[in-house]
Amino acid sequence: MTADVADIAAFALRVGDDALIAAQRLGEWSARAPEMEEDIALSNIALDQLGVARMMLTYVGELASGDEDSLAFRRDDREFRNCLLVELPNAGPAATSGAEGDFGITMAKLLFLSTFQRLLHDGMVASTDEQLSAVAAKARKESAYHVDHASQWTVRLGDGTDESHRRMQAAVDDIWPYTHELFAVDDLSVRLDQAGVAPAPETIRPTWLDLVDAVLAEATLVRPADGWAPEGGRCGRHTEHLSYLLAEMQVLHRAHPGAQW
Amino acid sequence: MYGNDFGVSESLLDQVDEAERALVAAAQRRTGAGDTTDQGGSASSGVDLQAYFDAVIGADQKIEPRDWMPDSYRKTLIRQIAQHAHSEIIGMQPEGNWITRAPSLKRKAILLAKVQDEAGHGLYLYAAAETLGISRDELVQMLLDGRQKYSSIFNYPTLTWADIGAIGWLVDGAAIVNQVPLCRCSYGPYARAMIRICKEESFHQRQGYEILHTLAHGTPEQKAMAQDAVNRWWYPSLAMFGPPDVASTHSEQSMAWGIKRFSNDDLRQRFVDMCVGQAEVLTLTLPDEALRWNEERGHHDYTQPDYDELMRVIKGDGPCNRQRTAHRRRAQSEGAWVREAAAAYAAKAQARATQDEQTPEDAVAGVST
């Protein structure tokens, strides 16, 4: 069964938007990280995510319409297809706009996201779509580094001081509900799986759980119980946070329609 | 991409390469004169340490961390290298201010990488300062307490996207003109740091120039944005070279020590001469009606920056001094729990490793009792 071009574009948009919004949140940390070395590391990861976003959005433009910048800067929040997890503020899901970032929240988000991305990219290497396969082959190596970085910090914070243990556990608890959406099944994911374009998301979860469980255990943290599982990002129903993120990201580009930069 | 627009900067980069070759040559000369080094470097040999230091400086060779050096030389270097490191770290703020709003994904990536480079330069310079017997923590504390300064240029705000271009072109440009001679500094670790940093700074300057070039050849609003940024950054950039020679307090001794090679005014003149041609290609105007070529001097005449303003900004009353310092203090205090956790975890891991090593012996001891 051959994949529909529109389906491939829709999938590339999900992967690209995840990476773009993750990069935007990481970029907010610039000159604010707890250590100078960490400023460099977070920028590195932001640059990797931005790189994947640019390749994916460019591909979406080739398959459908637009280019990386029109897709990034001229869509409204209802048109974005990223998961809710990446748009959550650096200060946490319940934070107000502009609140100071919480490093524990950022590491919890990064651990869950990058472990998912690593497994997704691993699966995408075998994609019937050559372009997706090529991007995944490059991105999987970067994802492995992101997982390593987030895992190390999760362990240090979980098994560090009483204060850091408390904060890291709270961060894991706050972010956990948003991980379920990463593995959600819908018509598109079923068609992509059947056409060999991308692995079925639900098949990724067992391995993801094994990997995440091992890190949480070493960090002396408790895996939260499954329960509330907010979703909607994949069909454009986001949290209130995304619109603020886009307002900031898009303000200059939108103020000068048609300009080159 | 822009052909010969960077003629003068290219020659500055040649100077960096030349300094690197000279540094290698100096190191080889020293190895050849091994006996002298051993006698001079060892306090027990009885050779006059000051005389040896003076001879190394006089021969344009490098002082290395293991060498004896006068206290005042050490203090001057610590002050200068630390100020330079602090400037890189504080300088991340005005530019980081536009990462989340960069107008294209390509520009966002370039800016992220640039600010990341600055953090790297900061760390590299702190490491150079640490070879002089002071720790990075001490230096950072002095920055936070206001006991050490950073470049006053970063106390000006980045109000529009064009400011990112102007900082790259003018501020990084001025920094390069200032720093290229430091590649020949008499203190080896600082000279080596500067060689590496100058090479990366020249990329940054080119990127800033390209931002302005794109804006100046874009829509009328973009061009106006570029001109406004140049108008605001020109004089503060000229002030980066410090007070005029007649009022410069540290210059004379630093010259004698081979830390400084050219006077503030000479470097400022070099910068002005470099910018005039580049501004023409940009089709932007430098905001100085008195700016003109002086055939007799072979240089451009120009209006001096407002040195009273420079002193006010250095003393703490620039537009953003309070904001920049508060930002750095906040990052430091907000991150304290993370650094404490990392230290606590490292101590636990160390204790576990020690325990593992001891276990077999303990077991043996257990059996024998």
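All of these numbers come straight from a predicted model, not from anything done at the bench. Naming: A, B, ... by sequence-line order, numbering from 1 per chain.
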Contact leader toward chain B among A/Gln260, A/His256, A/Arg167, where contacts are heavy-atom pairs under 4.5 Å: A/Arg167
Smallest separation among heavy atoms of B/Arg328 and A/Ala31, with atom names: NH1-O, 3.6 Å
Greater than 12 external heavy atoms within 6.0 Å of B/Asp145's CG: yes
Lys/Arg-Asp/Glu bridge criterion (N-O < 4.0 Å) met for B/Arg101, A/Glu248: no
Region of B/Val338 that comes under 4.5 Å of a non-hydrogen atom in chain A: both
Any side-chain heavy-atom pair of A/Asp69 and B/Lys106 under 4.5 Å: no
Best-contacting candidate, B/Lys108, B/Glu340, B/Glu95, against chain A by heavy atom pairs under 4.5 angstrom: B/Lys108
Spacing of A/Thr220 atom OG1 and B/Lys348 atom NZ [to the nearest 0.5 Å]: 6.5 Å
Which portion of B/Leu215 sits near chain A, non-hydrogen atoms under 4.5 angstrom: side chain
A/Leu57, part contacting chain B, at a heavy-atom distance under 4.5 Å: side chain
Chain B contacts, top residue of A/Arg25, A/Glu28, A/Glu100 (heavy-atom pairs, under 4.5 Å): A/Glu100
Portion of B/Ile90 that has a non-hydrogen atom of chain A nearer than 4.5 angstrom: neither
Non-hydrogen side-chain atoms of A/Trp29 and B/Ile99 separated by less than 4.5 Å: no
Segment of B/Ala102 engaging chain A (4.5 angstrom heavy-atom cut-off): backbone
Part of A/Phe73 within contact of chain B (heavy atom distance under 4.5 Å): side chain
Structural part of A/Asn44 lying under 4.5 Å from a heavy atom of chain B: both
Spatial distance of atom CE (A/Met168) from atom CH2 (B/Trp337) [nearest 0.5 Å]: 7.5 Å
Segment of B/Thr100 engaging chain A (4.5 angstrom heavy-atom cut-off): both
Most contacts with chain A, counted as non-hydrogen pairs under 4.5 angstrom, among B/Gly218, B/Ala341, B/Gly335, B/Ala331: B/Ala341
A/Leu252 side chain reached by B/Trp98 side chain, heavy atoms, under 4.5 Å: yes
Engaged part of A/Ala33 at the chain B interface, taking heavy atoms whose separation is under 4.5 Å: backbone
Neighbour count >12 (heavy atoms, 6.0 Å) for atom NZ, A/Lys138: no
Minimum heavy-atom distance between B/Ala109 and A/Leu47, given as atom pair plus value: O-CD2, 3.3 Å
Point-to-point distance, once rounded to the nearest 0.5 Å, from OG of B/Ser104 to CZ of A/Arg54: 7.0 Å
Whether over 12 other heavy atoms sit under 6.0 Å from B/Tyr124 OH: yes
Spacing of CH2 belonging to B/Trp161 relative to NE2 belonging to A/His253, to within rounding of 0.5 Å: 13.0 Å
Where A/Trp261 and B/Thr214 come nearest, the two heavy atoms and their spacing: C-CG2, 3.5 Å
Minimum side-chain heavy-atom gap A/Asp39-B/Gln116 below 4.5 Å: no
With A/Arg32, the side chain to side chain contact (heavy atoms under 4.5 Å, CB included) member among B/Met92, B/Gln93, B/His327, B/Glu334: B/His327
Spacing of A/Ile45 atom CD1 and B/Leu112 atom CG [to the nearest 0.5 Å]: 12.0 Å
salt_bridge(A/Glu37, B/Arg136) N-O dist < 4.0 Å: yes
Euclidean distance, A/Ser43 OG relative to B/Leu111 CG, rounded to 0.5 Å: 10.0 Å
Atom OH of A/Tyr244 with >12 non-hydrogen neighbours under 6.0 angstrom: no
A/Leu245, part contacting chain B, at a heavy-atom distance under 4.5 Å: neither
Atom group of A/Ile40 that falls short of 4.5 Å from chain B, counting heavy atoms: both
